[in-house]
Amino acid sequence: MTIHLESTINGRSVGINVDPTLTLLEVLRENLFLIGTKEGCGVGECGTCVVLLDGTPVTSCLVLAGDADGRDVETVEGLAPDGELNEVQQAFVKSGAFQCGFCTPAMVLSATALLRRNSSPNEEEMKQALGGILCRCGAYPKILEAIIAATGEGA
Amino acid sequence: MKRLKQFAYHEPTTLADAIGALAAGGPTARVLAGGTDLIVDMKIDRLPTTAVVNIKRIPGLVGIEDLGDATRIGALTKVTDVEESTLVKERHPALAAAASILASPPVRALATIGGNVGRASPASDLGPALIVSDARARIRGVEGQRDILVEDLYIGPGQTSLACSDIITDLVVPNPSPGFGSAHVKLGKRGSGTDIAMAGASASIIIRNGVIEDCKVALASLGPTPLRATIAEESLRGREAAEEALAEAAVAAAEQATPIGDIRASASYRMTLARVLTLRALRAAVESAEERGAS
């Protein structure tokens with residue numbers, strides 16, 4: 001059995017037939033080869049699989065493929081469509097806000113979503129927004145520094 | 001990747017079709033709401049599942065509505081939307097607080113209030129808050145519609161009194177009486193929410209002329225279901241809302257707790273938490289009542 005999805009992925013309309021037992025994470029990585037989205041725990045606890053669904057960060061490992069139909073999905077690949085990094089990504093580079101980089105797509109997407117909603121969040125709001133994403137390297141201070149820099153504060 | 005095993009997938013567009021698919025699928029057919037519990041249970045093989053009935057194409061199950069004397073929250077309303085609702089914050093501080101510390105933001109954006117209730121986790125954040133707010137669940141099943149107190153839904157860990165083909169369509173929370181205040185507190189390992197509760201407590205209180213007229217306490221992760229601490233409640237009725245009374249009630253609440261020890265906390269530590277969190281919830285509920293104008 002397959003189901004048909006018509007979704008907007010990184011700004012492009014995508015029509016695709018998939019097995020309904022796949023998760024959005026699997027569709028992105030294996031059917032669409034968008035491997036910037038990572039699987040860590042696979043059960044919604046680590047947050048590395050975060051993508052933006054209609055603009056909101058969600059754990060894509062817990063979304064069944066059928067629920068992506070008709071929705072707008074944004075992955076880390078969509079943040080720099082022409083190779084031009086967005087302001088959050090640039091700030092991450094400048095601050096060195098990563099070590100292994102595995103959580104970076106989720107961190108960058110969540111921070112981007114936060115800044116779209118609220119252009120001048122305070123530190124507590126930043127921490128809350130990233131609260132679901134684990135960085136095993138413990139790069140949190142640099143990540144916070146990067147997001148503060150991306151808001152134009154502390155520069 | 002952790003794969004899901006094969007299952008039949010349904011996307012009904014009416015409640016009748018959804019109930020039909022559940023009835024036909026039998027006890028291993030599951031309702032898919034937000035998926036944040038169901039998908040996990042399927043991935044780790046905790047819940048045998050042969051059919052998934054995704055109810056998100058059914059209209060009318062999302063949204064928070066002022067009914068005048070109550071607040072109706074559609075079962076598919078996201079936890080994020082419960083957390084951010086002005087109506088919920090004004091009327092039911094415990095529920096807003098519980099929603100704000102349930103899991104993490106990217107999970108709250110998927111998880112639904114109906115799913116959280118239907119999952120019947122003993123560690124539920126919303127369950128105790130709904131119980132102390134006297135919430136009812138509206139159920140649609142083969143035999144039509146009925147309302148049931150959220151408290152009466154829970155019969156064991158992961159078990160509700162609902163039939164396999166029943167669907168929770170709404171949560172209806174009556175408006176609080178004058179002098180009402182409520183609060184929810186939780187302790188998890190990862191700080192500000194995010195993690196499953198080692199223990200949690202909700203309290204609601206009605207204070208008139210400085211005296212506690214009524215009070216409800218419900219505990220999370222301290223028994224097989226979200227648990228009413230009825231002895232604590234009884235001990236507070238008719239007393240002044242002072243620290244000594246709250247502290248005695250907290251001790252009584254711990255005596256009614258029947259926690260297990262597991263990976264998150266030992267049973268004895270949970271007993272301590274039962275007292276400490278009940279006390280914190282009661283203090284916060286009194287504060288909430290005072291902020292809302294109780295005297």
Side-chain angles (χ1 to χ4, degrees), chain A residues 1-4 18-30 37-71 106-107 109-110 113-114 117 124-134, chain B residues 1-12 30-46 49-57 76 78-81 83-84 100-112 115 188-196 263-264:
Chain A
M1 180 188 173
T2 61
I3 53 170
H4 186 72
V18 300
D19 180 334
T21 68
L22 294 180
T23 61
L24 173 58
L25 172 63
E26 289 159 350
V27 171
L28 290 172
R29 288 185 57 91
E30 295 168 17
T37 307
K38 308 301 182 194
E39 178 179 61
C41 68
V43 290
E45 290 184 11
C46 76
T48 55
C49 66
V50 159
V51 301
L52 305 186
L53 193 58
D54 295 334
T56 303
V58 301
T59 44
S60 63
C61 73
L62 299 182
V63 177
L64 270 195
D67 281 330
D69 184 40
R71 311 286 291 275
M107 290 288 187
L109 281 164
S110 296
L114 171 67
R117 206 170 60 235
E124 187 52 36
E125 288 166 330
M126 293 176 193
K127 288 179 184 172
Q128 283 292 333
L130 303 182
I133 310 165
L134 293 178
Chain B
M1 294 223 174
K2 279 199 179 72
R3 298 281 177 181
L4 292 168
K5 290 183 180 160
Q6 288 298 305
F7 52 83
Y9 180 67
H10 305 276
E11 277 186 4
R30 312 283 173 201
V31 176
L32 173 66
T36 57
D37 281 315
L38 179 64
I39 305 292
V40 174
D41 284 342
M42 289 168 67
K43 282 190 178 182
I44 64 174
D45 253 338
R46 189 158 54 193
T49 300
T50 54
V52 169
V53 180
N54 185 349
I55 60 172
K56 287 196 285 300
R57 307 273 169 195
L76 293 186
K78 308 288 188 205
V79 173
T80 306
D81 295 323
E83 171 189 0
E84 292 174 358
S100 75
I101 51 164
L102 187 157
S104 63
V107 171
R108 289 203 286 278
L110 294 170
T112 67
K189 282 205 167 145
R190 273 164 73 180
S192 59
T194 314
D195 204 2
I196 297 172
I263 189 167
R264 284 184 288 280

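The shown structure was predicted, so the numbers you read here are calculated from the model rather than taken from an experiment. In what follows, every chain begins at residue 1, and chains take the letters A, B, ... in the order their sequences are listed.
- Of the listed residues (A:L62, A:D69, A:L53), the one with the most heavy-atom contacts under 4.5 Å to chain B is A:L62.
- At a 4.5 Å heavy-atom cutoff, B:L38 makes no contact with chain A through either its backbone or its side chain.
- The closest side-chain heavy-atom distance from B:K43 to A:T23 is below 4.5 Å.
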### Query
Which is it for B:V52 and A:L64 under the side-chain contact (heavy atoms from CB on, under 4.5 Å) test, yes or no, and what are the steps along the way?
CA-CA 10 Å; B:V52 169; A:L64 270 195; 4.2 Å; yes

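- With a threshold of 4.5 angstrom between heavy atoms, B:Q6 approaches chain A through its backbone and through its side chain.
- Taking OG1 of A:T21 as the start and CZ of B:F7 as the end, the distance is 5.5 Å to the nearest 0.5 Å.
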### Task
Show your reasoning for whether side-chain contact (heavy atoms from CB on, under 4.5 Å) applies to A:D67 and B:L32.
CA-CA 10 Å; A:D67 281 330; B:L32 173 66; 3.9 Å; yes

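- In terms of heavy-atom proximity, A:P57 sits nearest to B:A109 at O-CB, 3.7 Å.
- Neither the backbone nor the side chain of A:L130 comes within contact range of chain B, judged by heavy atoms closer than 4.5 Å.
- For a residue to count as touching a neighbouring chain, one of its non-hydrogen atoms must lie under 4.5 Å from one of that chain's; by this rule A:V50 touches chain B with the side chain only.
- When heavy atoms are compared at a cutoff of 4.5 Å, A:T56 approaches chain B solely by way of its side chain, counted from C-beta outward.
- Comparing A:C61, A:G47, A:S60 by heavy-atom pairs within less than 4.5 Å of chain B, the highest count is held by A:C61.
- Shortest non-hydrogen contact noted between A:G132 and B:S104 is CA-CB, 3.2 Å.
- Taking CG of A:L24 as the start and CD1 of B:I39 as the end, the distance is 11.5 Å to the nearest 0.5 Å.
- Within the 4.5 angstrom heavy-atom criterion, only side-chain atoms of A:D19, from C-beta onward, approach chain B.
- Judged as a salt bridge (charged side-chain N to carboxylate O under 4.0 Å, His left out), and not counting sequence neighbours, A:K127 has no contacts.
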### Query
Yes or no on side-chain contact (heavy atoms from CB on, under 4.5 Å) for B:R3 and A:L22, after CA distance, side-chain angles and deciding distance?
CA-CA 8 Å; B:R3 298 281 177 181; A:L22 294 180; 3.7 Å; yes

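- Residue A:G44 comes nearest to B:V107 through the heavy atom pair O-CG2, 3.5 Å, listed as atom of the first residue, atom of the second, then distance.
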